[in-house]
S.K.: 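Structure provided below as structure tokens; questions to follow.
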Amino acid sequence: MKVLFYPGCSLKSNYPEFEKTSIEVCRKLGVELVEIPKWTCCGVNFSLATDSVMRHLGAVRSLINARKEMNEMDRRSVVAACSMCYNVLKRVNLMLKEDRDKLDTVNSFIDDEPDYVPDVEVVHLLTLLKDVGFEEIESKVVRPLKGLKVASYYGCALLRPKKPEGIPIDDPESPTIMEDLMRSIGAEPVDFPFKTECCGNYHVVFRPDIVEMRAEKIIGSAKSRGADVIVSTCPLCLYNLERGNEALSEDIRVPVVFFTQLLALALGVDSYLKDEVKKRILEGCKEVVAET
Amino acid sequence: MNELAKRVIEISGQNVYACYQCGCCSAGCMFTEKMDILPNQAIALIQRGDESVLEKETPWICASCFVCTVRCPRGLDVAAIMEALREIKIRRRDFVKVDLRKIKEIERLPQIAITAVAQKFTW
Ligand code: SF4
Ligand code: SF4
């Protein structure tokens with residue numbers, strides 16, 4: 001199956017391991033992620049000012065370019081791995097599906113491209129993997145992560161807001177999609193009450209104290225539930241939680257990795273995990289021989 | 001209707017008068033300990049047309065996490081109201097909240113953090 005992929009800025013510039021493991025895990029599952037030609041930055045935060053469309057234009061341009069390739073694909077979808085990209089592309093697309101006036105405004109503004117027709121869907125990689133089937137993934141596992149205690153951290157952008165309908169990829173107050181996925185690769189999900197809380201978002205740039213306040217609570221909660229590792233779907237969440245780790249004493253830190261890196265490890269493709277993190281994860285897999 | 005409320009409603013699309021001050025938004029907000037007034041208090045000031053709300057830190061501490069939006073029993077998008085308060089200041093251009101040239105560790109920060117801060121704090 002071929003499907004269009006929106007990598008986004010942070011996967012390209014800061015976290016190539018997230019992009020590589022997304023692509024390689026999907027390939028292992030028979031899904032080819034094809035990068036949208038000429039995609040642009042999504043804008044990161046969906047602009048909440050309803051009287052202006054300016055800040056949505058980056059997302060629309062990417063969707064226009066995606067649409068040009070759609071006929072070559074097996075699904076009319078755009079897949080994003082980064083939660084923030086997912087949220088913005090999803091919301092812009094839903095807005096243009098529902099609001100004819102905004103669609104007209106955007107189309108008359110973008111003069112150098114064909115009009116956008118909102119007949120595509122934006123999906124998150126987790127949803128794509130669920131469509132592939134968690135049993136199917138389980139059947140492809142070569143190294144089950146048995147005994148590894150994984151805390152799934154969702155943050156905000158996969159789950160909120162609730163309206164317009166279709167934004168949350170799962171129950172916004174009590175999601176389980178990532179835990180189900182972790183179970184399919186043999187890991188043991190641990191539930192923790194801070195899994196849908198906010199990491200502090202862009203405040204890390206000028207108010208790192210805010211991010212540290214959030215990250216310490218989130219990591220502390222995962223730790224107290226016995227987590228060996230935290231999985232994330234967002235480059236900014238991961239960065240912020242790692243900032244929190246730096247502020248904590250060594251014995252209460254919990255490493256944070258992209259969920260695709262654990263999938264890669266279980267499916268036998270390169271996980272791009274740092275050596276010391278990989279070692280810690282393999283130590284957490286009580287029943288697995290630590291061979292690499 | 002007062003001018004401030006009118007402007008907030010225009011920008012956010014949210015009827016601030018629907019808020020009945022239950023405080024659910026502030027109860028769920030994870031950033032209140034860094035704020036100078038609570039999110040529901042900011043809305044009360046808008047309802048009264050009190051422009052002092054524009055000088056508060058609260059809208060700038062709000063991180064657009066949408067917990068308040070999901071939980072408001074009146075269906076208000078509180079995060080959008082916070083954004084409207086930021087937008088009013090930004091559009092007046094009477095105010096510099098951040099200096100993008102002063103970002104520390106710019107190579108280390110994920111690109112989305114920098115883009116987001118520019119999007120939320122500048123014009
Ligand atoms: S939750 Fe809604 S109704 Fe209650 S105080 Fe906040 S904005 Fe007002
Ligand atoms: S969106 Fe802003 S005001 Fe609402 S809960 Fe989150 S940080 Fe608090």
S.K.: Taking CG in A/Asp275 as the centre, count heavy atoms belonging to other residues, nucleotides or ligands within less than 6.0 Å. Is the count above 12?
M.R.: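 For A/Asp275, atom CG is not crowded (no more than 12 foreign heavy atoms under 6.0 Å).
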S.K.: Examine whether an atom of B/Thr69 lies under 4.5 Å from a heavy atom of chain A, and if so say whether it belongs to the side chain, the backbone or both; otherwise answer neither.
M.R.: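 Contact with chain A involves the side chain of B/Thr69 alone.
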S.K.: Please state whether the side chain, the backbone, both or neither of B/Gln111 comes within less than 4.5 Å of a heavy atom of chain A.
M.R.: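 Both parts, backbone and side chain.
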S.K.: Rounded to the nearest 0.5 Å, what separation is found between the CD1 atom of B/Ile11 and the CG atom of A/Leu48?
M.R.: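 If we round to the nearest 0.5 Å, B/Ile11:CD1 and A/Leu48:CG are 11.5 Å apart.
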S.K.: Using every non-hydrogen atom in the two residues, find where B/Pro110 and A/Leu236 come nearest and quote the distance to one decimal.
M.R.: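 The answer is CG-CD1, 4.1 Å.
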S.K.: Between the side chains of A/Arg243 and B/Glu105, is the shortest nitrogen-to-carboxylate-oxygen separation below 4.0 Å, so that they form an ion pair?
M.R.: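 Between A/Arg243 and B/Glu105 there is a salt bridge, with a charged N closer than 4.0 Å to a carboxylate O.
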S.K.: Can you tell me which portion of B/Ala84 sits under 4.5 Å from chain A's heavy atoms? Options are side chain, backbone, both or neither.
M.R.: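 For B/Ala84, no heavy atom lies under 4.5 Å from chain A.
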S.K.: Does atom CZ of B/Arg108 have more than 12 heavy-atom neighbours from other groups under 6.0 Å away?
M.R.: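 Count over threshold, so yes.
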S.K.: Can you name the closest pair of heavy atoms from B/Ala113 and A/Val204 and give their distance?
M.R.: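 Nearest pair, atom of B/Ala113 first, then A/Val204: CB-CG1, 4.1 Å.
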S.K.: Indicate yes or no: at least one non-hydrogen side-chain atom of B/Thr115 is less than 4.5 angstrom from one of A/Cys9.
M.R.: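 Side chain of B/Thr115 against side chain of A/Cys9, heavy atoms only: no contact under 4.5 Å found.
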S.K.: Considering non-hydrogen atoms only, spot the tightest contact between B/Ala63 and A/His203 and give its length.
M.R.: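 Heavy atoms only, the tightest pair is CB-CD2, 4.0 Å.
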S.K.: Looking at every heavy atom in both A/Phe206 and B/Asp99, which two are closest together, and how far apart are they?
M.R.: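 Smallest heavy-atom distance, with atoms named: CZ-O, 3.4 Å.
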S.K.: By a 4.5 Å heavy-atom criterion (distance strictly below it), what part of A/Asn14 contacts chain B: side chain, backbone, both, or neither?
M.R.: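 Looking at A/Asn14, just its side chain touches chain B.
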S.K.: Where on B/Ile61 is there a heavy atom nearer than 4.5 Å to chain A: the side chain, the backbone, both, or neither?
M.R.: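 Both backbone and side chain of B/Ile61 come within 4.5 Å of chain A.
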S.K.: Could you check A/Asn45 against B/Lys120 for side chain to side chain contact (heavy atoms under 4.5 Å, CB included), going step by step and ending with a plain yes or no?
M.R.: CA-CA 8 Å; A/Asn45 284 294; B/Lys120 289 280 187 189; 3.7 Å; yes
S.K.: Does NZ or CZ of A/Arg207 fall inside the cone over B/Phe31's six-membered ring, less than 6.0 Å from its centre and within 45° of the axis?
M.R.: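 So A/Arg207 doesn't make the cation-pi contact.
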S.K.: Is it the backbone or the side chain of B/Cys62 that comes under 4.5 Å from a heavy atom of chain A, or both, or neither?
M.R.: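 Only the backbone of B/Cys62 comes within 4.5 Å of chain A.
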S.K.: Tell me, out of A/Thr50, A/Asn201, A/Asp209, who's got the most heavy-atom pairs with chain B below 4.5 Å.
M.R.: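 Looking at each of A/Thr50, A/Asn201, A/Asp209 in turn, A/Thr50 comes out on top.
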S.K.: List the atom of B/Ile112, the atom of A/Cys82, and the distance in Å for their closest heavy-atom pair.
M.R.: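 Distance-wise, the nearest heavy atoms are CD1-SG, 4.4 Å.
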S.K.: Who in residues 43-52 of chain B is close to chain A, using a strict under-4.5 Å heavy-atom cut-off?
M.R.: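 Residues in range: none.
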S.K.: Which region of A/Cys85, side chain (C-beta onward) or backbone (N, CA, C, O), has a non-hydrogen atom less than 4.5 Å from a non-hydrogen atom of chain B, or is it both or neither?
M.R.: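 Neither part.
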S.K.: Can you name the residues of residues 13-23 of chain B that have some heavy atom under 4.5 Å away from a heavy atom in chain A?
M.R.: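 When heavy atoms of chain A are the reference, residues 13-23 of chain B contributes B/Gly13 within the under-4.5 Å range.
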S.K.: When rounded to the nearest 0.5 angstrom, what distance separates OG in B/Ser64 from OH in A/Tyr202?
M.R.: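 If I round to the nearest 0.5 Å, the distance is 4.5 Å.
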S.K.: Identify which part of B/Arg71 has an atom lying under 4.5 Å from any heavy atom of chain A, answering side chain, backbone, both or neither.
M.R.: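 Only the side chain of B/Arg71 comes within 4.5 Å of chain A.
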S.K.: Counting heavy-atom pairs under 4.5 Å to chain B, which of A/Ala49, A/Ser13, A/Cys41 comes out on top?
M.R.: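 Option with the top pair count is A/Ala49.
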S.K.: Pick whichever of B/Met82, B/Glu83, B/Arg86, B/Glu107 has the most heavy-atom pairs under 4.5 Å with chain A.
M.R.: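 Result: the option with the highest number of such pairs is B/Glu83.
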S.K.: By a 4.5 Å heavy-atom criterion (distance strictly below it), what part of A/Asn240 contacts chain B: side chain, backbone, both, or neither?
M.R.: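 Neither the backbone nor the side chain of A/Asn240 comes within 4.5 Å of chain B.
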S.K.: Of all the residues in residues 155-174 of chain A, which have a heavy atom that comes within less than 4.5 Å of a heavy atom in chain B?
M.R.: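 Expected list: A/Cys156, A/Arg160, A/Pro161, A/Lys162, A/Glu173.
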S.K.: Counting only non-hydrogen atoms closer than 4.5 Å, does B/Ala118 touch chain A with its backbone (N, CA, C, O), its side chain (CB onward), both, or neither?
M.R.: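 For B/Ala118, neither part sits under 4.5 Å from chain A.
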S.K.: Enumerate, atom names and distances included, each donor-acceptor pair closer than 3.5 Å involving a side-chain atom of residues 212-219 of chain A, sequence neighbours excluded.
M.R.:
from	atom 1	to	atom 2	distance (Å)
A/Arg214	NE	A/Cys198	O	2.9
A/Arg214	NH2	A/Glu197	OE1	2.3
A/Lys217	NZ	B/Glu33	OE2	3.3

S.K.: Heavy-atom distances under 4.5 Å only: say whether B/Glu10 touches chain A with side chain, backbone, both or neither.
M.R.: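 The backbone, not the side chain.
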